[in-house]
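Computed over heavy atoms, backbone and side chain alike; hydrogens, waters and symmetry mates excluded.
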Amino acid sequence: MDKPNHRIMKYPVSILFILLSFWGSKLAADDRCAFDINFIEQEIPFYTFADYTPQVALRMAYAKFEVSNTDEWQELANEHEAYEIDLVFTKYPQDIKAWRTDYWTLLNDRLRALFEIDPSLKNRNIRWNMFLQTQCKTEEQAKDYFHGFVIKYRPKVLKVIDEVKSPAQLRELIRGEAITRDSTVVKILERNPDWNNMLVIMDWTGSMYQYGAQLVLWHKLNMTYREDRVQHFVFFNDGNNKRNSQKKAGRTGGVYRARTDEIEEIVETMEFVMKKGNGGDAPENDLEAVLTGLQYLDNFDEIILIADNKSSVRDIELLEKIDRPIHIILCDVKGTVHPDYIKIAKETGGSLHTLEKDLESLSPPTP
């Protein structure tokens, strides 16, 4: 399957299609769009529906605006709210002069049809995406593509999960049906948009489950728009329930990799690692997990370690084997930062990140 060619651009819809990249012709900015909506435009071969995302697809025929299944959203609207809406077009023909249907009329009619179903959707707090499908070569192919709106929604009253104790709760968080009070991982990743092609190494022991759920939820919401953010996930559980006396630096075990392109595979890996072990004693095998990723994975630029500030690093002596910067997302920091993580960030030339701060001035000692 072709990978999407994403070009993320934020413009008011009234000037969106001035872009040469879309129409190949210059259009004067005018008032032909009746609705003031900020769309994020993306070109993709064809639209696919996101996994683990509660959503309703309001279907329209090619070059038409009538919605064929209005009841599906109306039945949900009282207890749910939309947080993101995709408007899906087919970029066919490529040349606007070849269109038999006036684009601006079609755009206005489609938006008007949506707001007639639910006026509350005319909301600036909703993220609006415009997907332009590019793979079709004929009008007959275009008629087979999905056209219309996809409303992504969540309950108006979200369940709060402070401690994840089961795979079922993990799935609730990743589907967006529940939230945690602590948003450390999401906030730090959003504060650092320059981290691309990441190898993300996640402490996947009991106290860190809520943070891992945040990570995958963030990845799910971003993978459609920024496929270059995460290349690999590595989860470690400090030894698959080995006895503490069996846990040796570099040979503790319980390190597993998950591909990043399928949310279900990621969740299944997380559930598997949960069943294999949940940590046991306080120290964790952070650096064994880092070295495993470095040894067996490639095509990544940044190394991100998501760690528990309450846990020491069992195998800190392995630090001398690491010669690349480690960016540490440190969770559950309530006061003092654990010195093991300061040491890792400093000696690798990496950085340390807490809910409130990004500490990027750390540097390795002068030889």
Side-chain angles (χ1 to χ4, degrees), residues 1-10 37-60 67 69 72-73 75-77 80-91 110 114 118 121 123 125-135 144-156 158 167-179 185-186 189-190 193 196 198 200 212-233 258-271:
M1 181 183 295
D2 292 337
K3 291 187 176 180
N5 175 24
H6 294 161
R7 299 181 297 109
I8 301 176
M9 295 172 281
K10 296 185 178 181
I37 296 173
N38 291 325
F39 278 100
I40 298 174
E41 176 206 337
Q42 298 175 66
E43 290 189 5
I44 57 175
F46 55 87
Y47 187 84
T48 56
F49 293 90
D51 293 334
Y52 274 80
T53 302
Q55 59 199 298
V56 167
L58 300 180
R59 299 178 182 276
M60 300 172 173
V67 178
N69 56 328
E72 289 190 29
W73 172 246
E75 291 172 358
L76 292 165
H80 297 83
E81 62 182 5
Y83 64 88
E84 185 170 13
I85 297 177
D86 298 341
L87 171 56
V88 185
F89 278 89
T90 298
K91 191 178 176 184
R110 285 183 169 177
L114 176 69
D118 184 353
L121 295 175
N123 187 336
N125 293 325
I126 294 173
R127 175 185 175 121
W128 290 84
N129 307 305
M130 182 175 291
F131 287 95
L132 311 173
Q133 302 174 111
T134 61
Q135 187 161 285
D144 289 335
Y145 281 35
F146 171 79
H147 301 90
F149 293 95
V150 178
I151 302 174
K152 301 172 187 178
Y153 63 88
R154 59 193 169 207
K156 289 182 178 178
L158 289 169
Q169 290 178 312
L170 172 67
R171 287 176 177 264
E172 283 183 304
L173 289 169
I174 293 172
R175 285 195 300 264
E177 297 171 354
I179 58 173
V185 172
V186 172
L189 289 169
E190 290 297 315
N196 297 315
M198 291 184 280
V200 180
Q214 288 179 37
L215 169 67
V216 179
L217 177 60
W218 174 87
H219 177 62
K220 182 191 77 170
L221 296 175
N222 281 270
M223 63 189 299
T224 306
Y225 319 109
R226 289 288 305 277
E227 62 179 358
D228 61 340
R229 291 305 302 271
V230 183
Q231 291 298 323
H232 308 285
F233 285 126
R259 295 187 306 171
T260 61
D261 54 350
E262 295 289 342
I263 296 296
E264 178 61 28
E265 180 178 325
I266 297 169
V267 175
E268 287 178 353
T269 300
M270 296 168 83
E271 291 176 342

- Aromatic ring centroids of Phe146 and Phe49 under 6.0 Å? yes
- Query: Using the benzene-type ring in the case of Trp, are the ring centres of Phe233 and His219 under 6.0 Å apart?
  - Reply: yes
- Minimum heavy-atom distance between Lys220 and Tyr52, given as atom pair plus value: NZ-O, 2.6 Å
- Nearest heavy atoms of Ala57 and Asn69, plus distance in Å: O-ND2, 2.7 Å
- Message: Does the Lys NZ or Arg CZ of Arg127 fall within the cation-pi geometry relative to Phe39 - under 6.0 Å from the ring centre and within 45° of the axis?
- Response: no
- Message: Could you check whether His147 and Thr90, counting side-chain N and O atoms only, form a donor-acceptor pair closer than 3.5 Å?
- Response: yes
- Message: Any donor-acceptor pair under 3.5 Å linking the side-chain atoms of Glu81 with those of Tyr153?
- Response: no
- Query: Taking Glu75 for the side chain and Trp73 for the main chain, is one N or O donor matched with an acceptor at less than 3.5 Å?
  - Reply: no
- Query: Hey, is Glu271 close enough to Arg171 for a salt bridge, meaning N to O under 4.0 Å?
  - Reply: yes
- Message: Between Glu177 and Arg154, does any side-chain N to carboxylate O distance fall below 4.0 Å?
- Response: no
- Heavy-atom pair with the smallest gap, counting every atom of Gly176 and Leu217: N-CD1, 4.5 Å
- Query: Between Thr269 and Val267, is there a donor-acceptor pair closer than 3.5 Å when you use the side chain of the first and the backbone of the second?
  - Reply: no
- Query: Does one side chain, of Asn38 or Trp128, offer a donor that lies under 3.5 Å from an acceptor on the other?
  - Reply: no
- For Arg110 and Phe149, which heavy atoms make the closest approach, and how far apart are they? O-CE1, 3.2 Å
- Do Lys91 and Glu43 come within less than 4.5 Å of each other through their side chains, counting heavy atoms only? yes
